[in-house]
Amino acid sequence: MRGEVCIGLASILALASTLLLIFAHVGQINTSNVPKGIYMTKVNVSGYGDSLEVAILNPIFGLYTDNASAPLGDSAGLRQYYQFGLYSYCAYVNDSAGSCSNHTAGFRFTPFDTLVSDMRSNFSTLTQELLPGDLILRDSHYLGQTSRAAYFLILLATIGAALTFILGILKYSITFFLSALAAGISSLFLVVAAALWTVMINRSNDINTRIIGSAMNTTPLGIEVSTGTGFYLIWAAFACLFLSMIPYIISCCTYRG
Ligand SMILES: *[C@@H]1O[C@H](CO)[C@@H](O)[C@H](O)[C@H]1NC(C)=O
Ligand SMILES: *[C@@H]1O[C@H](CO)[C@@H](O)[C@H](O)[C@H]1NC(C)=O
Ligand SMILES: *[C@@H]1O[C@H](CO)[C@@H](O)[C@H](O)[C@H]1NC(C)=O
Ligand SMILES: *[C@@H]1O[C@H](CO)[C@@H](O)[C@H](O)[C@H]1NC(C)=O
Ligand SMILES: *[C@@H]1O[C@H](CO)[C@@H](O)[C@H](O)[C@H]1NC(C)=O
């Protein structure tokens with residue numbers, strides 16, 4: 001492979017990885033179109049009202065709110081679904097209206113606390129009692145700590161991916177070597193972060209197949225956890241950055257300025 005082609009390929013891969021990671025950071029910072037489509041995971045609770053009705057054998061009033069501007073986490077009523085990003089979450093009353101929480105670096109993914117904090121107190125008490133205690137979705141300590149750790153790994157990897165790209169443009173053997181090194185370390189961070197999220201999602205989505213109340217009925221809980229685009233962006237960013245290492249190593253050993 002000719003030197004310029006090799007370096008060009010490495011730069012494209014490093015740049016692609018950086019851009020994918022920037023997109024992943026943008027998810028759920030507000031409710032406009034692009035951020036709305038990017039999230040790590042979605043918790044859809046639109047079926048929960050019906051299940052609750054079956055479980056308590058009474059019609060349910062006031063579980064949900066359809067006021068998109070009602071404050072979050074203030075017992076103002078459950079939204080239809082919640083999408084969690086790297087800095088905040090957004091809760092949607094329908095496909096076109098919702099609101100987002102404040103942004104924090106190292107945001108903790110604590111879906112159960114989020115849901116319960118939106119319910120009026122009588123429903124939150126009921127939910128605490130009805131939802132099986134062994135659900136991973138309820139384990140806010142594990143999910144919160146893990147998502148926070150994954151966030152910092154992704155942040156460092158984003159800086160590392162940008163450095164990989166910038167150093168690679170300088171075109172010295174030493175900078176190619178440093179690019180390869182940055183790509184190696186950052187892709188290691190990314191694969192760990194992506195694996196942490198994979199495990200978090202795969203363990204919490206066992207709620208999708210659970211039933212509500214006693215084993216006598218077969219009504220699903222009506223709470224569904226699913227994987228979002230942001231999650232795939234992280235894996236794709238990892239793949240690009242990891243692959244970019246190869247042409248950087250080749251360039252570092254063969255480039256003659
Ligand atoms: C939420 O779940 C309901 C029932 O399964 C489904 O009809 C609806 O399309 C889902 N909404 C979203 C945004 O996933
Ligand atoms: C919970 O409280 C709301 C209003 O505060 C009421 O409309 C609803 O019926 C109550 N639900 C239950 C199950 O007690
Ligand atoms: C969504 O909810 C908002 C706020 O309640 C409302 O103004 C809007 O008409 C709803 N949109 C649809 C498609 O139902
Ligand atoms: C929606 O919530 C906001 C904020 O609490 C409140 O000011 C507004 O009056 C509510 N709208 C309706 C239709 O209840
Ligand atoms: C979000 O930020 C605003 C302004 O900084 C603050 O007043 C509000 O209490 C915060 N909300 C939460 C839920 O922390």
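In this chain, residues are counted from 1 in sequence order. Counting starts at 1 for both ligands and their atoms, following the listed order.
A salt bridge is absent between Glu224 and Arg210; no separation between the charged side-chain nitrogens and carboxylate oxygens falls under 4.0 Å.
Of the N and O atoms on the side chains of Asn67 and Ser69, at least one donor lies less than 3.5 Å from an acceptor on the other residue. In this structure, a donor-acceptor pair under 3.5 Å is present between the side chains of Asp95 and Tyr81. Side-chain atoms of Asn94 and Ser96 include a donor-acceptor pair closer than 3.5 Å.
The ligand atoms of ligand 4 that sit less than 4.0 angstrom from a heavy atom of Ala70 are 2 (O). For ligand 3, the atoms lying closer than 4.0 Å to a non-hydrogen atom of Ala97 are 1 (C), 2 (O), 3 (C). For ligand 1, the atoms sitting less than 4.0 Å from at least one non-hydrogen atom of Ser46 are 1 (C), 2 (O), 3 (C), 4 (C), numbered in the order shown with element in parentheses. For ligand 4, the atoms sitting less than 4.0 Å from at least one non-hydrogen atom of Pro71 are 5 (O), numbered in the order shown with element in parentheses. Each of the atoms 2 (O) of ligand 3 lies under 4.0 Å from some heavy atom of Val93.
Residue contacts with ligand 3 leave out Asn67, since none of its heavy atoms falls under 4.0 Å from the ligand. Lys42 counts as a contact of ligand 1, since one of its heavy atoms falls under 4.0 Å from the ligand.
Aromatic ring pairs are classed by plane angle as parallel below 30°, tilted from 30° to 60° and perpendicular above 60°; the pair Trp197 and Phe109 is tilted. Taking the six-membered ring where tryptophan is involved, the planes of Tyr87 and Tyr151 are perpendicular, since the angle between them exceeds 60° and thus also 30°. Under the 30°/60° scheme for interplanar angles, the aromatic rings of Phe231 and Trp235 are found to stand perpendicular.
Nearest heavy atom pair, residue Ile169 against residue Phe165, reads CG1-O, 3.2 Å.
Within a 4.0 Å radius of atom 2 (O) of ligand 4, the protein contributes at least one heavy atom. Within a 4.0 Å radius of atom 5 (O) of ligand 3, the protein contributes one or more non-hydrogen atoms.
Where the criterion is an N or O separation shorter than 3.5 Å, residue side chain and backbone included, Asn44 meets it with respect to ligand 1.
Residue Asp66 touches ligand 3 through its backbone alone, judged by heavy-atom distances below 4.0 Å.
For the side chain to side chain contact (heavy atoms under 4.5 Å, CB included) criterion with Phe176, the lone passing option out of Pro247, Ser251, Cys6 is Ser251.
Nearest protein heavy-atom neighbour of atom 13 (C) of ligand 1: Tyr81 CE2, 3.5 Å. Protein heavy atom at the shortest distance from atom 9 (O) of ligand 3 is Asn94 ND2, 4.8 Å.
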